[in-house]
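Let me begin by presenting the structure, written as structure tokens, before commenting on it.
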Amino acid sequence: MCDDFRRNLPLFPMGTVTQLTELTPRQIRYYEQQGLIHPARTRGKQRLFSFNDVDLLLRIKSLMEKGINIAGVKEVLREQTQALQPEGPPGPVKADLSKAEVYKLMKRQLHELSPRPNQSHLIRGELARFFH
DNA sequence: CTTCTCACA
DNA sequence: TGTGAGTA
């Protein structure tokens, strides 16, 4: 429940997301334009993506790589969104502290690791832990 | 320097 | 989709 809040926190800018997803800014903006993602806009017009946004982008990416076009991706996404809506929460809450730790870790890295050096590997390694 | 929008070879 | 112009 509280985990949801963290997942939706607008944390990373375009540059970070492009490295996390291997997508070009052009594509990411286009997907947003197509209504596939809804990044938060902070002061001005800078996009700030959340973990959910990144996760969504990765799913979109894999779908596109499977030869599915925007229209197709929209359908799949719509189906998955509805398939998750029907009926209440699936029983007991599954609090995962290890994930929370990962979030904090990444948050720190993103905040303190402003330097340009290839931060992609480190972050991607952590990302893989909850994209399993 | 990074990101944004818009338009076009 | 890529890319360059002109901003913020």
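Protein chains get the first letters and strands the later ones, always in sequence-line order, with residue 1 at the start of each.
Residue A:Arg47 places at least one side-chain N or O under 4.0 Å from the OP1 or OP2 atom of B:dC4. Here A:Tyr30 does not reach the OP1 or OP2 of B:dC6: none of its side-chain N or O atoms lies under 4.0 Å away. Using a 4.0 Å cut-off, some side-chain N or O of A:Gln27 falls inside it from OP1 or OP2 of C:dT1. In this model, the phosphate group of C:dG2 is approached by a side-chain N or O of A:Thr24 to a distance below 4.0 Å at OP1 or OP2.
Linking ILVMFWY side-chain heavy atoms closer than 4.5 Å, directly or via other members, places A:Leu48 and A:Leu57 in two distinct hydrophobic clusters.
Straight-line distance from the CZ atom of A:Arg29 to the C1' atom of B:dA7: 14 Å, rounded to whole Å. In this structure, A:Gln34 atom CD and C:dT1 atom P are separated by 10 Å, rounded to whole Å. We find that CZ of A:Arg43 is positioned 12 Å from C1' of B:dT2, with the value rounded to whole Å. The CE-P distance, from A:Met14 to B:dC1, rounds to 18 Å in whole Å. In this structure, A:Ile28 atom CD1 and B:dT2 atom P are separated by 16 Å, rounded to whole Å. We find that CD of A:Gln33 is positioned 12 Å from P of C:dT1, with the value rounded to whole Å.
A:Met64 and A:Asn69 make their closest contact through SD-C, 4.2 Å (heavy atoms, listed as atom of the first residue, atom of the second, distance). Nearest approach of A:Ile37 to A:Ile28, heavy atoms of both residues: CD1-O, 3.7 Å.
A salt bridge links A:Glu32 with A:Arg41: the distance from a Lys NZ or Arg NE/NH1/NH2 to an Asp or Glu carboxylate oxygen falls below 4.0 Å.
When Watson-Crick and G-U wobble pairs are counted only if both distances are under 3.5 Å, B:dA9 pairs with no nucleotide at all. Base pairing of C:dT7 is not made with any nucleotide, judged by Watson-Crick or G-U wobble geometry with both donor-acceptor distances under 3.5 Å.
Nearest-nucleotide positions on DNA chain B for A:Arg26 and A:Lys45 put A:Lys45 closer to the 5' end.
Residue contacts for A:Arg41: at a heavy-atom cut-off of 4.0 Å it reaches the sugar-phosphate backbone alone, with no base atom in range. Residue contacts for A:Gly44: at a heavy-atom cut-off of 4.0 Å it reaches no nucleic acid atom on any strand shown.
For the pair A:Asn8 (side chain) and A:Asp4 (backbone), a donor-acceptor distance under 3.5 Å is present.
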